[in-house]
Amino acid sequence: MGFFQFTEEQEMLRKAVREFVEAEIAPHAAEWDEKHYCPVELFPKMGEMGITGIFVPEEYGGAGLGHVERAICLEEISRYSAGLGIALMTHHLGIAPILYFGTDEQKQKYLPDLAAGKKICGLSVTEPGGGSDFMGLKATGEFKDGQWVINGRKCFITNASVADVDIWAVVTGQDEKGRALMTVFIIDKDTPGHAPGREENKIGLNGSSTGDVICNDVVLGEEAVLGEVNKGAKIALSAIQEIGRAGMAAISVGILRGCLEEGVKFSNERILYGKPLNRLQAIQFIIAENRVAYEAAKLLTYHAASLKDAGKPCANEFSMAKLFATEAAIEAAKKTIDLMGGYGCINEYPVGRFLRDAIATIPAGGTSHIQKIIIAGNAIRGN
Amino acid sequence: MSLNITVCIKPVPDPDYYDKITIDPVKKTITRAGIPTIINPVDKNAVEAALQVKEKLGGKVVVITMAPPNAEENLRELLAMGADEAVLLTDRAFAGADTLATSYALAAGLKKSGPFDLVFTGTESADGATSQVPAQLAEWLDIPHLWNVQEFEVEDHTLKAKMSMENGYINYLVQMPALLAVKRSINKPRYTTVMGVMKAKKKPLTVLTAADLDVEPERLGLQGSPTKAGDIFTPSLARKGQQLTGETEEIVEQLIQVLRGAGLNLESLNVNEAGRE
């Protein structure tokens with residue numbers, strides 16, 4: 001295993017993205033959270049920056065980079081707005097299956113607008129019956145008279161009400177043992193019968209839209225099938241494992257840096273007993289713990305992303321990064337609130353939002369318990 | 001119409017590190033070692049102005065600076081922003097230069113780096129803030145120059161430029177080649193994109209030393225700088241307290257004496273008789 005280091009270009013890219021984030025995102029993050037608003041108008045701007053299509057090849061209008069660069073963008077954005085972070089991360093989550101499993105026609109049709117941020121993508125897998133009970137999905141696709149008819153209700157879907165292109169996983173058959181067979185479809189938002197349903201009022205990540213998406217007798221042609229019929233499970237799973245969890249880990253690395261930097265700033269400026277707060281050992285302990293948590297989460301996340309870019313197995317690594325980073329972000333946000341005393345509970349400061357956002361990262365891409373089951377399973381099998 | 005446009009930029013100390021900056025008591029110059037640099041903010045407006053001209057009329061944008069070797073990073077950033085080529089003038093011989101020696105070296109660098117129709121600079125640097133280099137540079141190059149430019153337009157080989165004054169502005173028609181020192185409000189510098197960062201590494205960045213330039217060595221650096229700092233000192237910012245004692249009337253009288261003694265013209269404060277009761 002090589003030790004992960006950023007290249008000079010990656011450092012420059014981080015600086016460029018940070019400049020954009022500090023000007024266009026940081027000043028508005030609190031307002032988006034308060035108003036539960038997903039800033040869709042930023043997608044074309046992120047498109048011009050190369051962020052929305054960061055890992056899409058140049059021939060399809062993307063920046064042609066990889067998943068390390070994607071994680072850099074998500075970290076930088078989530079340093080200030082984890083809410084917008086998850087909206088962007090889900091956009092990538094929908095793009096990936098088209099890019100990795102789509103036909104050339106599908107790529108030509110969808111990727112340029114998605115990479116440019118002119119259109120927003122979503123991925124609809126989770127249902128009211130559960131997300132991690134993947135094989136228990138109830139949404140169906142029936143092939144009738146040369147066309148597919150899709151029915152079902154998806155829930156807790158990020159970008160539900162803002163996505164222009166929606167990737168759906170539905171049950172289209174059973175194998176000989178009676179297990180569900182999945183097929184994945186690309187659905188344009190204006191397709192008759194396809195519509196967003198109720199909008200959820202979340203604890204955090206409120207710079208994003210989350211809610212139901214419903215398909216009621218949605219008729220699709222065969223060109224809407226992504227990959228092969230009845231072989232969609234691996235498409236949806238690989239997106240969740242290697243794009244979704246990767247994204248949640250990178251978002252949490254951003255929250256961790258936010259906690260660290262806000263804690264340091266506050267403790268430098270706040271005077272207590274005639275001295276800056278940072279002179280107190282109890283405060284220094286919190287800063288040290290946040291720093292170590294940030295560095296550790298960063299290493300796990302970028303290491304996993306570098307494996308993905310190298311074409312090596314990385315699902316287990318992303319599970320570990322996601323588990324560690326999301327849990328560490330919750331802890332760091334709570335400790336930073338402690339560090340700030342009463343001020344930590346005042347919404348003029350962002351750390352309360354960081355805590356709410358960090359808690360909301362847990363179920364996205366599978367809860368911590370699910371990650372532990374995956375990691376343990378791999379360890380027991382000797383992986 | 002295809003224009004050769006050169007932009008002079010300056011790396012300046014990162015404002016986040018201002019408290020770490022010291023002044024060398026012997027050389028009486030700023031000690032920059034260990035202080036990270038940023039691109040002088042208004043220089044980005046100059047680059048933006050150049051890029052806009054290029055996008056409209058075609059041509060090439062070259063960025064140039066005279067600075068220590070680590071300025072390569074600043075120049076790469078501007079290549080990522082959209083400049084086509086970069087030139088770094090770096091040599092121990094340039095060290096300690098005042099504005100005259102700086103503009104002299106820059107002029108030689110500009111001549112060396114190729115023909116130019118337009119030269120852009122910012123109005124001033126965030127550290128020295130003398131505003132002298134733009135005019136000096138244009139004089140060395142023997143071209144017309146305007147400072148504090150708010151707007152401009154290129155028509156054939158003539159510039160229509162609006163120069164801001166304290167109480168208004170003057171519109172000029174300028175024959176090119178010419179130098180424009182632009183102000184912050186002229187435009188909003190574009191963001192550097194991810195694609196720009198990736199292209200930057202393939203763009204040419206030339207490093208030139210004093211030996212590469214057609215210059216008289218005694219006009220470079222500290223040796224070529226007529227500006228000599230007289231004295232440097234740190235002003236004492238300590239506060240001192242003085243206690244006035246006695247009856248209220250006496251204290252007021254003493255206070256008035258102290259204030260008058262400190263040079264305050266109390267009569268000018270227009271205190272009326274009623275106010276004294």
Side-chain angles (χ1 to χ4, degrees), chain A residues 6-26 42-77 88 92 112 115-117 261 264-265 268-269 276 309, chain B residues 9 11-20 35-45 47-48 51-52 55 63 69-84 86 88 126 184-185 187-205 207 239:
Chain A
F6 294 109
T7 63
E8 254 178 57
E9 280 78 27
Q10 286 165 345
E11 295 287 6
M12 264 178 90
L13 182 149
R14 182 185 288 280
K15 201 173 169 189
V17 174
R18 186 172 296 180
E19 213 165 280
F20 171 78
V21 169
E22 286 176 352
E24 301 283 340
I25 293 170
L42 270 183
F43 274 75
K45 287 188 183 179
M46 292 195 289
E48 282 171 29
M49 286 294 296
I51 294 170
T52 39
I54 187 88
F55 59 86
V56 174
E58 286 170 275
E59 59 180 306
Y60 300 113
L65 295 169
H67 292 267
V68 169
E69 288 84 1
R70 175 193 181 224
I72 292 172
C73 295
L74 286 170
E75 180 193 333
E76 290 302 321
I77 289 170
L88 173 67
H92 291 150
E261 290 179 356
V264 168
K265 184 169 182 272
N268 285 347
E269 290 169 0
D309 285 338
Chain B
I9 70 112
V12 295
D14 187 333
D16 290 347
Y17 292 79
Y18 276 178
D19 57 333
K20 311 265 187 319
I35 309 288
T37 58
I38 58 162
I39 296 157
N40 183 44
V42 69
D43 295 354
K44 281 198 167 184
N45 299 80
V47 174
E48 177 63 37
L51 293 174
Q52 286 181 12
E55 280 161 3
V63 285
N70 55 8
E72 213 175 304
E73 199 183 310
N74 305 107
L75 290 173
R76 282 267 173 239
E77 261 185 74
L78 295 173
L79 291 173
M81 188 178 159
D84 301 294
L88 171 61
R184 283 294 285 272
S185 56
N187 55 37
K188 183 174 180 274
R190 66 196 59 192
Y191 295 116
T192 297
T193 68
V194 168
M195 289 72 85
V197 168
M198 300 319 291
K199 282 181 196 152
K201 64 179 173 186
K202 292 178 199 132
K203 293 181 177 175
L205 192 155
V207 179
R239 295 176 181 186

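In what follows, chains carry the letters A, B, and so on, assigned in the order in which the sequence lines appear, proteins first and then strands, with residues in each chain numbered from 1. Given the structure is predicted, the values throughout are model-derived calculations rather than measurements.
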Q. Which region of K15(A), side chain (C-beta onward) or backbone (N, CA, C, O), has a non-hydrogen atom less than 4.5 Å from a non-hydrogen atom of chain B, or is it both or neither?
A.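 Just its side chain gets close to chain B.
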Q: Pick one of side chain, backbone, both or neither for E19(A), based on which atoms fall under 4.5 Å of a heavy atom in chain B.
A: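 Both backbone and side chain.
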Q. If you look at every heavy atom in N40(B) and A126(B), which pair is closest and at what distance?
A. OD1-N, 2.7 Å
Q.
Less than 4.5 Å to any heavy atom of chain A: does that hold for the side chain of K188(B), its backbone, both, or neither?
A.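 Just the side chain, heavy atoms under 4.5 Å.
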Q.
With a 4.5 angstrom heavy-atom cut-off, is it the side chain or the backbone of R76(B) that approaches chain A, or both, or neither?
A. both
**Q.** Atom NZ of K203(B): over 12 foreign heavy atoms under 6.0 Å
**A.**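 Enclosed: over 12 neighbouring heavy atoms sit under 6.0 Å from NZ of K203(B).
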Q) Taking atom OH of Y17(B) as the centre, does the number of heavy atoms from other residues, nucleotides or ligands within less than 6.0 Å exceed 12? A) no
Q. Within a strict 4.5 Å, meaning less than it, do heavy atoms of the I39(B) and V47(B) side chains meet?
A.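 No, side chains not in contact.
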